[in-house]
Amino acid sequence: MGVDLNIVVVGAGLVGSELLRQLATSPRAGEVSLRIRAVARSKTTQRHPRGLGPPEFQGETVETSLIGLSSYADEGNTVVVDCTASSLVSDTYEHWLKSGCSVVTANKLANSGPLKYYKALRIAQNGRPVRFFYEANVGAGLPIFTTVRDLIATGDSVIQIDGVFSGSLSFIFNEFGCGNNFSSIVLRAKELGYTEPDPRDDLGGIDVARKVVILAREIGIDVELSDISVKSLVPAALQDVSPEEFLKALVEEGFDDISAQASSAVEAGDVLRYVGTVNAKTSLCSVGLGRYPRSHPFGSLQGSDNMVSIRTERYSKQPLVIQGPGAGAAVTAAGIFADILRVAALTSRC
Ligand SMILES: NC(=O)c1ccc[n+]([C@@H]2O[C@H](COP(=O)([O-])OP(=O)(O)OC[C@H]3O[C@@H](n4cnc5c(N)ncnc54)[C@H](OP(=O)(O)O)[C@@H]3O)[C@@H](O)[C@H]2O)c1
């Protein structure tokens with residue numbers, strides 16, 4: 001039987017606008033009829049009772065009320081899709097779930113924030129025809145959480161997850177071996193738009209740590225972000241200076257220590273990679289620079305690809321490896337779209 005799904009998109013930046021485009025070109029995905037009922041930005045929301053469409057997704061403009069978006073649940077199956085990086089939005093998930101809206105998110109804040117709220121979001125789904133999915137939290141559109149869930153649901157148990165989870169850091173370390181030093185590669189990554197405007201946001205490792213927290217929790221480890229051992233690539237002396245001073249120091253002083261480590265690794269036929277690890281046996285999680293032989297799966301990484309290696313009881317000799325672009329609007333939006341279809345498939349059975 002077909003299912004109608006109301007979609008409320010919160011955030012129409014890079015990812016949100018690409019998602020709207022993908023949804024508009026697939027208004028019927030199999031048995032599911034998708035209606036974009038509202039697009040909420042920080043200040044204003046566009047809405048239309050019969051659904052918004054391209055090219056501009058224009059409708060009635062009202063002031064954004066995040067709490068008020070839950071009213072769509074009174075009109076049928078509804079999913080609220082978070083395409084922001086806002087805590088105001090992620091703090092509203094519990095209300096939406098309890099009001100009968102499913103939630104799909106690319107925003108990492110709820111799943112990597114306080115464990116109490118993480119658990120409250122799982123409890124809020126109990127006994128309600130709602131779902132909470134977040135495939136795009138790690139590896140953009142790569143099927144990481146669906147794979148981990150399938151492994152666990154079929155009786156396998158995870159031993160360890162290792163991953164290169166940052167596209168920008170993947171690019172930076174994949175460039176070593178071409179005779180460059182660390183500073184020049186960071187500057188090039190910044191010029192190419194792979195890093196945040198202040199590259200310390202990538203080099204500090206917190207974004208990778210958030211992804212590690214979310215994966216650890218997925219396999220049942222109760223961990224807080226503050227429990228993760230994070231080895232930042234930013235020298236202590238440059239952590240608190242202004243972005244301009246940091247970039248000046250990067251150019252003038254370089255990051256000799258990391259360049260030396262990389263050269264020594266390359267000479268020995270190894271590679272350096274910035275890796276997040278979840279050890280299910282010890283429940284320990286870490287984020288930092290590691291040295292791997294070129295023959296290791298991480299040795300074959302290219303460009304800004306992500307790679308996740310999942311070692312389980314069944315995949316014990318050779319880990320299960322998932323690799324591909326871990327950022328970019330098109331792949332991220334496709335990961336979110338797939339979650340929306342999963343919501344539709346599951347809510348139609350409730
Ligand atoms: N870009 C990628 O490749 C990628 C990959 C994986 C995951 N993600 C995640 O996807 C999310 C979105 O990324 P993006 O690159 O699309 O960011 P972006 O271009 O900066 O867009 C963010 C959008 O969020 C909106 N927003 C902020 N606060 C809001 C609020 N309180 N209520 C409603 N809307 C609000 C902003 O609208 P206003 O302009 O009105 O403030 C803006 O349109 C982030 O969590 C990011 O980590 C991105």
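Order of appearance sets the numbers: ligands from 1, and atoms from 1 within every ligand.
Salt-bridge check for Arg311 with Asp162: failed, with every basic side-chain N at 4.0 Å or more from each acidic carboxylate O. For the pair Glu175 and Arg188, the salt-bridge criterion is met [side-chain N within less than 4.0 Å of a carboxylate O]. Taking a cutoff of 4.0 Å between a charged side-chain nitrogen and a carboxylate oxygen, Arg131 and Asp339 do not qualify as a salt bridge.
Closest to atom 12 (C) of ligand 1, if we only count protein heavy atoms, is Cys83 O, 3.2 Å. Counting only heavy atoms of the protein, atom 1 (N) of ligand 1 lies nearest to Val15 CG2, 3.6 Å. In terms of protein heavy-atom proximity, atom 36 (C) of ligand 1 is nearest to Ser42 OG, 4.2 Å. Closest to atom 4 (C) of ligand 1, if we only count protein heavy atoms, is Thr332 OG1, 3.7 Å. What sits closest to atom 42 (C) of ligand 1 on the protein, heavy atoms only, is Gly13 N, 4.0 Å.
For ligand 1 and Ala40, the ligand atoms under 4.0 Å from any heavy atom of the residue are 33 (C), 34 (N). Of all atoms in ligand 1, listed by their number and element, those nearer than 4.0 Å to a heavy atom of Lys108 are 47 (O). Annotation for ligand 1: atoms under 4.0 Å from non-hydrogen atoms of Gly328 are 2 (C), 3 (O). Atoms of ligand 1 lying under 4.0 Å from at least one heavy atom of Val89, given by number and element, are 30 (C), 31 (N), 32 (N). In the vicinity of Ala85, heavy-atom distances shorter than 4.0 Å reach the ligand 1 atoms 44 (C), 45 (O). Contact atoms of ligand 1 toward Ala327: 3 (O) (distance under 4.0 Å to a heavy atom of the residue). The distance from ligand 1 to the heavy atoms of Val10 drops below 4.0 Å at these ligand atoms: 33 (C).
Checking Glu218 against Tyr134 by side-chain atom types alone, a donor-acceptor pair falls below 3.5 Å. Of the N and O atoms on the side chains of Glu135 and Thr146, at least one donor lies less than 3.5 Å from an acceptor on the other residue.
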Give the C-alpha distance, both sets of side-chain angles, the deciding distance and a yes or no for salt bridge (charged side-chain N to carboxylate O under 4.0 Å, His left out) between Arg21 and Glu18. CA-CA 5 Å; Arg21 199 195 60 74; Glu18 169 62 18; 3.0 Å; yes
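Environment of CG in Asn126: crowded, with over 12 heavy atoms of neighbouring residues, nucleotides or ligands closer than 6.0 Å.
Among Asn107, Leu109, Thr84, the residue whose heavy atom lies closest to atom 11 (C) of ligand 1 is Thr84. Compare Ala106, Ser86, Ser65 by their heavy atoms: the one nearest to atom 28 (N) of ligand 1 is in Ser86.
Residue-to-ligand polar distances place Leu14 within reach of ligand 1: an N/O pair is separated by less than 3.5 Å.
The distance from atom NZ of Lys98 to atom CZ of Arg128, rounded to the nearest 0.5 Å, is 6.5 Å. Atoms OG and OH, on Ser166 and Tyr194 in that order, are 12.0 Å from each other to the nearest 0.5 Å.
The protein does not reach atom 17 (O) of ligand 1 closely, with no heavy atom under 4.0 angstrom from it. Using a 4.0 Å threshold on non-hydrogen atoms, atom 20 (O) of ligand 1 does not count as touching the protein.
Minimum interatomic distance between Cys285 and Ile228 (heavy atoms only, all atoms of both residues): CB-CD1, 3.3 Å.
Ring centroids of Phe182 and Phe173 are separated by less than 6.0 Å, placing the two rings close together.
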